[in-house]
Number of protein chains: 2
Amino acid sequence: MNRMQQPARDTALATTRPYGPALERLRGVGLRPTRQRLALAKLLFDTDDRHVTAEMLHGEALRARVRVSLATVYNTLHQFTDAGLLREIVVDAERSYFDTNVSNHHHLFDEGTRYLYDIPEADIRLDSLPPLPDGMEVSRVDVIVRIKKA
Amino acid sequence: MNRMQQPARDTALATTRPYGPALERLRGVGLRPTRQRLALAKLLFDTDDRHVTAEMLHGEALRARVRVSLATVYNTLHQFTDAGLLREIVVDAERSYFDTNVSNHHHLFDEGTRYLYDIPEADIRLDSLPPLPDGMEVSRVDVIVRIKKA
DNA sequence: GTGTTTGCAAAGTGTTTGCAATTTA
DNA sequence: TAAATTGCAAACACTTTGCAAACAC
């Protein structure tokens with residue numbers, strides 16, 4: 001399986017290392033800085049936090065004259081996610097979204113445009129989670145505020 | 001399109017009508033009580049609140065000796081959802097879940113078993129939503145607590 | 001009878017994968 | 001040059017759809 005071919009890497013680095021150029025990001029997580037990965041990393045991380053789907057990112061890459069296949073975009077998004085550079089967000093049954101902001105926060109989803117926006121964690125207060133089944137722990141809490149035209 | 005063939009119906013009835021047998025539910029929302037719809041409605045509503053995928057419900061129907069195609073299960077789940085008898089929950093990129101509890105509440109999702117559980121609305125307090133873009137309103141707030149083996 | 005619903009098989013969508021060719025270290 | 005990565009096209013899982021036959025009213 002292609003996705004399994006990546007070597008071992010230190011995930012912790014990914015989130016603690018100060019923001020740096022794409023090359024360092026890749027090195028930091030032990031992914032070989034290939035032309036495709038570098039270009040995708042640039043598109044993803046050289047600007048503000050963003051939310052992309054595979055198709056969106058592929059389109060951007062092509063527009064930027066980067067030759068890369070859609071399959072590689074998918075694989076790369078998953079590699080970045082496994083390495084802790086991205087977070088996958090499940091908001092839409094039709095497609096997967098990836099968020100370049102990997103810190104704790106929540107989301108606003110526009111059901112019309114299907115765009116995703118961040119909500120700072122502090123904007124939402126969660127009290128009292130229910131008791132969990134024995135031996136289980138919370139892996140993540142997602143809050144999705146779905147909005148539409150009034 | 002098949003799903004468009006349903007006649008007009010009063011959605012409001014669905015949620016205010018006291019629980020009743022499957023037949024009344026269907027009548028209440030203006031869906032013809034066919035053999036398949038009656039059987040599926042029984043499976044869905046004759047027990048406690050539950051969360052099903054199309055495959056799960058189809059499997060149950062077959063085990064209960066109800067002859068129904070998977071396509072009809074899909075169509076029926078959507079008709080019930082459009083009629084307000086079910087709510088669709090997006091938690092898993094792989095498949096759609098439908099919840100027989102259509103009142104406001106949240107969810108616990110076991111990432112191992114992929115089972116969904118309800119969390120009463122009162123168990124979670126949401127303060128201060130961020131300001132919405134002009135002319136937009138909240139259509140729904142989903143809170144998903146993802147849990148896994150400790 | 002007339003219009004609705006069903007089942008089937010085919011089509012559709014987003015995503016993953018096997019493998020030969022290419023690239024990286 | 002050995003191992004990792006890529007692109008392609010085929011395969012995939014889930015879901016939707018067109019249409020003729022069956023059914024509900």
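No hydrogens, no waters, no symmetry mates; every other heavy atom, side chains included, goes into these values. Numbered from 1 within each chain, the chains take letters A, B, ... in sequence-line order.
- Put simply, CG on B:Leu26 is 10 Å from P on C:dT6, counting in whole angstrom units.
- At least one donor-acceptor pair under 3.5 Å links the side chain of A:Arg37 to the backbone N or O of A:Arg32.
- Base-pair partner of D:dC23: C:dG3 (Watson-Crick or G-U wobble, both distances under 3.5 Å).
- Atom OH of A:Tyr74 is separated from atom C1' of D:dC8 by 16 Å (rounded to the nearest Å).
- By the 30° and 60° cut-offs, the orientation of the rings of A:His51 relative to A:His107 is perpendicular.
- Side-chain polar atoms of A:Glu111 and B:Ser139 form a donor-acceptor pair below 3.5 angstrom.
- Dashed line: the shortest gap from a side-chain N or O of A:Gln36 to OP1 or OP2 of D:dG7 is under 4.0 Å.
- For B:His78 and D:dC14, the NE2 to C1' distance is 11 Å, given to the nearest whole Å.
- Residue B:Arg95 is the one, among B:Pro33 and B:Arg95, whose nearest nucleotide of DNA chain D lies closer to the 5' end (criterion: closest heavy atom).
- Within the 4.0 Å cut-off from OP1 or OP2 of C:dT24, not a single side-chain nitrogen or oxygen of A:Thr34 is found.
- Comparing A:Glu94 and B:Val73 against DNA chain C, the residue whose closest nucleotide sits nearer the 5' end is B:Val73.
- Map A:Thr76 and B:Thr53 each onto its nearest nucleotide of DNA chain D; the residue landing nearer the 5' end is A:Thr76.
- C:dA20 and D:dT6 make up a base pair, with Watson-Crick or G-U wobble contacts both under 3.5 Å.
- Ring-plane geometry between A:His78 and A:Phe98 is classed as perpendicular, the angle between the planes exceeding 60 degrees on a 0 to 90 degree scale with a lower cut at 30.
- The interatomic distance linking B:Asp82 (CG) with D:dT16 (C1') rounds to 14 Å, in whole Å.
- Taking every side-chain heavy atom of B:Ser69 into account, C:dG7 is the closest of C:dT16, D:dT6, C:dG7.
- Taking atom NE2 of A:His58 as the reference point, atom P of C:dG14 lies 14 Å away to the nearest angstrom.
- C:dA25 is paired with D:dT1 under the Watson-Crick or G-U wobble criterion, all donor-acceptor distances under 3.5 Å.
- The side chain of A:Ser96 lies closest to C:dT15, out of C:dG3, D:dG7, C:dT15.
- Atom CZ in B:Arg37 sits about 13 Å away from atom C1' in D:dC25, given to the nearest Å.
- A tilted orientation is assigned to the rings of A:Phe80 and A:Phe45, their planes being inclined by 30° to 60°.
- Taking atom CZ of B:Arg27 as the reference point, atom C1' of C:dT4 lies 15 Å away to the nearest angstrom.
- For B:Ala71, whose side chain is taken as the heavy atoms from C-beta onward, the closest listed nucleotide among D:dT15, D:dT17, C:dG7 is D:dT17.
- Distances from the side chain of B:Arg32 to the nucleotides D:dT17, D:dC25, D:dG7 place D:dC25 closest.
- Spacing between atom CD of A:Glu88 and atom P of C:dG14 amounts to 15 Å, rounded to whole angstrom units.
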